[in-house]
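We count ligands from 1, going down the list as the structure has it; atoms in each ligand are counted the same way. Atoms considered below: every heavy atom in the structure, side chains included; atoms not considered: hydrogens, waters and symmetry mates. We count residues from 1, following the sequence as given.
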Amino acid sequence: MEEEKFPIVLTAALPAGGTGKTPFIRVYGEWKARQGYKVALIDLDHQCSLSELYDVYEIENTSLNLFKGGEVNFIPVEENIWLLPAHPNLQYEPARLRAEGTQNIYFLLEDWLYEHEELIKRFDYLLIDTHPDTDTLTKNALAVSTAQIGVVMPTEKSTNAIPKAEQALSDLKVDTYDKRHKEDRVTCELLLMGTDIEKIGKHYTKLSRQLLSLISDDNRFVGYIPHKELFAQAFSDEKQSIWTQLEKDSVVKEKSNQTFKYQLEGVMLAMDKKVEELSWH
Ligand SMILES: Nc1ncnc2c1ncn2[C@@H]1O[C@H](COP(=O)(O)OP(=O)(O)O)[C@@H](O)[C@H]1O
Ligand SMILES: [Mg+2]
């Protein structure tokens, strides 16, 4: 929590929709905020899912201005958490930037962060949510990130997206390689996080079993979040923090909820450890 340092930047990105990226950003952001860190969430998805989770429907001073210029407004949404909401027109940004022949097209966000150093250094963590693609805005986020978190569900669509994410990150590194200094300009590492792993009775579902086996074989996986109805609910109608739910006596008095809380905390700690290792480099 030192004032003078740039925050640690993490981006949830996987080129497949509905795999739990947005929930992960919120859950991890709230986890860090509860540890006392100052957390900025940036919604870069034109579908605005993260912004809507916090009931923010702002269309002025949004993350669109990171690329277009103009003011941006980090809105306080919870204790220690600020949100820079998305704008639907982010959708048209990659094509617009290309049409304008923008130079250094993958470092626009990096430039913005340096230009707003004073504002940005007030935060300890910058967590970026993206649209499920590998386009320019997502690459801008990866270019400033310590890690890309590919959130993976037990679905074919989701596991098929892992090599695509890997390829896109590798392409970005090749495209931006600094030939003069012979070094990578982009140092982001791909990490993976499983979610929605489901047990029916005593047995895992077939797809969950397959994902669990993938998780144990691939050390980029930091861990997984088990399937939990309470978790799903926190991201649908109620939109209440899962951590707030898991603090309620009425909730934790049920053993299965207590187990889930314990598992979720375990995964969050594993992520903390991994991120810490990467940021030492
Ligand atoms: N561990 C889990 N248990 C229950 N539901 C989950 C779990 N992980 C993710 N989900 C649900 O999966 C859905 C997918 O999230 P979504 O925001 O659509 O993903 P993305 O941001 O990747 O497009 C959400 O409704 C979320 O509640
Ligand atoms: Mg999303």
Side-chain angles (χ1 to χ4, degrees), residues 10-31 41-56 62-63 83-88 90-91 127-135 137-138 141-142 148-162 164-165 168 190-200 204-205 207-209 211-212 215 221-246 251 254 256-257 259-268 270-271:
L10 304 175
T11 293
L14 189 79
T19 68
K21 294 177 285 299
T22 303
F24 174 79
I25 285 291
R26 178 164 180 181
V27 169
Y28 193 63
E30 291 175 351
W31 166 257
L41 306 177
I42 299 183
D43 189 356
L44 274 192
D45 183 357
H46 61 259
Q47 285 183 343
C48 310
S49 322
L50 183 65
S51 311
E52 286 174 11
L53 272 184
Y54 284 105
D55 280 324
V56 171
T62 65
S63 66
L83 168 76
L84 178 58
H87 191 290
L90 281 164
Q91 183 179 2
L127 305 180
I128 309 177
D129 192 24
T130 63
H131 189 68
D133 62 32
T134 56
D135 211 339
L137 303 191
T138 301
L142 298 179
Q148 165 177 9
I149 322 288
V151 184
V152 180
M153 273 197 181
T155 62
E156 209 175 317
K157 182 178 77 168
S158 158
T159 45
N160 285 346
I162 300 173
K164 293 182 196 163
L190 177 59
L191 299 179
L192 299 167
M193 170 62 68
T195 193
D196 211 25
I197 304 262
E198 192 168 14
K199 242 181 188 169
I200 297 190
Y204 288 104
T205 61
L207 288 167
S208 290
R209 230 179 319 116
L211 181 53
L212 281 173
I215 292 174
F221 271 97
V222 176
Y224 70 88
I225 303 169
H227 169 80
K228 187 76 188 163
E229 236 5 80
L230 193 71
F231 188 96
Q233 277 163 21
F235 297 100
S236 52
D237 23 296
E238 293 178 42
K239 296 192 205 165
Q240 203 186 42
S241 162
I242 185 73
W243 300 111
T244 307
Q245 311 252 32
L246 292 170
V251 172
E254 216 176 288
S256 69
N257 292 337
T259 307
F260 178 73
K261 183 181 180 186
Y262 181 71
Q263 288 168 318
L264 189 61
E265 286 172 349
V267 177
M268 297 291 113
M271 183 55 77

Task: atom 8 (N) of ligand 1: nearest protein contact (heavy atom, Å) - done: T195 OG1, 2.8 Å

Task: Shortest protein contact, atom 22 (O) of ligand 1 (heavy atom only) - done: K21 NZ, 2.8 Å

Open item on the list: So if I count the atoms of ligand 1 from 1 in the order they appear, which ones are less than 4.0 Å from some heavy atom of I225?
Closed with: 1 (N)

Task: Numbering as shown, the atoms of ligand 1 that approach P226 to under 4.0 Å (heavy-atom distance) - done: 1 (N), 2 (C), 3 (N)

Task: Close approach of Q233 to ligand 1, heavy atoms, under 4.0 angstrom - done: no

Task: Shortest non-hydrogen contact from H87 toward S63 - done: N-OG, 4.4 Å

Open item on the list: Evaluate F235 for polar contact with ligand 1, using N/O atom pairs at a separation under 3.5 Å.
Closed with: no

TODO: Report yes if some N/O of T22 lies less than 3.5 Å from some N/O of ligand 1; otherwise report no.
DONE: yes

Task: R26 to Q240 - nearest heavy-atom pair and separation - done: NH2-C, 3.9 Å

- [ ] For residues D196 and P154, report the shortest heavy-atom separation together with the two atoms involved.
- [x] O-CG, 3.4 Å

- [ ] Establish, from distance only, whether the side-chain atoms of T22 and D129 form a donor-acceptor pair under 3.5 Å.
- [x] yes

- [ ] Measure the distance from atom 19 (O) of ligand 1 to every protein heavy atom, then report the residue, atom name and distance (to 0.1 Å) of the closest one.
- [x] G20 N, 2.9 Å

- [ ] For atom 27 (O) of ligand 1, find the nearest protein heavy atom and state the residue, atom name and distance (0.1 Å precision).
- [x] A232 CA, 3.4 Å

Open item on the list: Within 2.8 Å of the Mg ion (ligand 2), is there any N, O or S atom belonging to T22?
Closed with: yes

Open item on the list: I need the minimum non-hydrogen distance between A16 and A161, along with the two atoms involved.
Closed with: CB-CB, 3.7 Å

TODO: Would you mind checking which non-hydrogen protein atom is closest to atom 23 (O) of ligand 1, with the distance to 0.1 Å?
DONE: G18 N, 2.8 Å

- [ ] Look only at interatomic distance and state if E229 has a nitrogen or oxygen under 3.5 Å from any nitrogen or oxygen of ligand 1.
- [x] no

TODO: Please state whether the rings of F231 and F235 are parallel, tilted or perpendicular, taking 30° and 60° as the class boundaries.
DONE: tilted

Task: N/O separation below 3.5 Å, P23 to ligand 1 - done: no

Open item on the list: V151 vs L14, test: side chain to side chain contact (heavy atoms under 4.5 Å, CB included). Steps then yes/no.
Closed with: CA-CA 7 Å; V151 184; L14 189 79; 6.0 Å; no

Task: Closer than 4.0 Å: a protein non-hydrogen atom to atom 25 (O) of ligand 1 - done: no

Task: Shortest non-hydrogen contact between L190 and G150, atoms and distance - done: CD1-N, 4.3 Å

Task: Shortest non-hydrogen separation from N257 to L246 and the atoms involved - done: O-CD2, 3.9 Å

TODO: Could you please spell out the steps behind the side chain to side chain contact (heavy atoms under 4.5 Å, CB included) verdict for L211 and F221?
DONE: CA-CA 11 Å; L211 181 53; F221 271 97; 4.1 Å; yes

Task: Distance from atom 4 (C) of ligand 1 to nearest protein heavy atom, with residue and atom - done: K228 O, 3.1 Å

Task: atom 9 (C) of ligand 1 - nearest protein heavy atom and its distance - done: M153 CE, 3.5 Å

